[in-house]
Amino acid sequence: MLNPIPELLTYSFFAPTLLRVVVAGILAYELYSQFQNREEISQLRYPLLRGPAVFWTAAALGVVIIIALLLGYFTQYAAIAAAVLSFRGIVQLKRDRGLFCLSRTTYVLLLAICISLLATGAGALALDLPL
C-alpha cells in the first residue's frame, strides 16, 4: 500500500530520538517518585544492599541511564539497562511498591520501547555513531 504522505518518511530518522526522550522522561518521573519515597525504599533489603544504599544505588543508576538516553551516548547499553529495569518493574511491582511507581502496563510499554531502541539505534541528534 502506498503511503498517503510520503514526504514524512524523510523524518523517520527522528523516531528513535523521540523514543529516547520519552523513555528518559518516564525514568526521570520514576526517579522523582523514588526520591519522594526514599525512606520507604531505604527499608527494603536486598542480598548486597541494605538501608539508604538501596535508594542511592537505584538513583545513581537511574541518572546515568537518563543522561545516556537524552544525549544518545551508548544508547543500546542504556536501552538494555532500562529494559532490565522495566522487566524488573513488571515482575516485582507488588513486592517493592515504593521502588516501582508506574503501572504494569506502563512497564510493558517501556520494555517494548527499549527493545525497539535496541534494534533501531540512537537516531538523530545522538553522540552514538553507527558503524
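Along the sequence shown, residues carry numbers from 1. All values below were derived from every heavy atom in this structure, side-chain atoms included, with hydrogens, water molecules and symmetry-related copies excluded.
Grouping the Ile, Leu, Val, Met, Phe, Trp and Tyr side chains by contacts below 4.5 angstrom, directly or via other members, places Val108 apart from Ile80. Side-chain heavy atoms closer than 4.5 Å link hydrophobic residues (I, L, V, M, F, W, Y) into clusters, and following such links, even through other members, never connects Val84 to Val23.
Clustering of Ile, Leu, Val, Met, Phe, Trp and Tyr side chains at separations under 4.5 Å leaves Leu109 isolated, with no partner residue. Side-chain contacts under 4.5 Å among hydrophobic residues (ILVMFWY), followed directly or transitively, place Leu2 with no other residue at all.
Nearest approach of Arg20 to Ala122, heavy atoms of both residues: NE-O, 2.8 Å. Across all their heavy atoms, Gln92 and Phe100 have their closest contact at O-CD1, 3.8 Å. For the residue pair Ala83 and Leu111, the shortest heavy atom distance occurs at O-CD1, 3.5 Å.
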Less than 3.5 Å apart, which donor and acceptor atoms pair up between the side chains of residues 10-19 and the rest of the protein, not counting sequence neighbours?
unit_1: Thr10; atom_1: OG1; unit_2: Glu7; atom_2: O; d: 2.8
unit_1: Ser12; atom_1: OG; unit_2: Leu9; atom_2: O; d: 3.1
unit_1: Thr17; atom_1: OG1; unit_2: Ala124; atom_2: N; d: 2.9
unit_1: Thr17; atom_1: OG1; unit_2: Ala124; atom_2: O; d: 2.6

Donor-acceptor list for residues 62-76 side chains, cut-off 3.5 Å, not counting sequence neighbours:
unit_1: Thr75; atom_1: OG1; unit_2: Gly72; atom_2: O; d: 3.3
unit_1: Thr75; atom_1: OG1; unit_2: Asp128; atom_2: OD2; d: 3.0
unit_1: Gln76; atom_1: NE2; unit_2: Leu118; atom_2: O; d: 2.9

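Applying the side-chain hydrogen bond (donor to acceptor under 3.5 Å, both in side chains) test to pairs two or more places apart or on separate chains, those with a residue in residues 106-120 are Glu30-Tyr107, Ser103-Thr106.
Here CG of Leu61 is found 9.5 Å from CG of Leu27. Values are rounded to the nearest 0.5 Å. Atoms CG and CG, on Leu8 and Asn3 in that order, are 9.0 Å from each other to the nearest 0.5 Å.
Residues satisfying the side-chain hydrogen bond (donor to acceptor under 3.5 Å, both in side chains) test with Tyr32, not counting sequence neighbours, are Gln36. For Phe35, the side chain to side chain contact (heavy atoms under 4.5 Å, CB included) partners two or more places apart in sequence, or in a different chain, are Arg38, Phe55.
With hydrogens and angles ignored, the 3.5 Å screen pairs no side-chain donor or acceptor of Ser33 with any backbone N or O of Tyr29.
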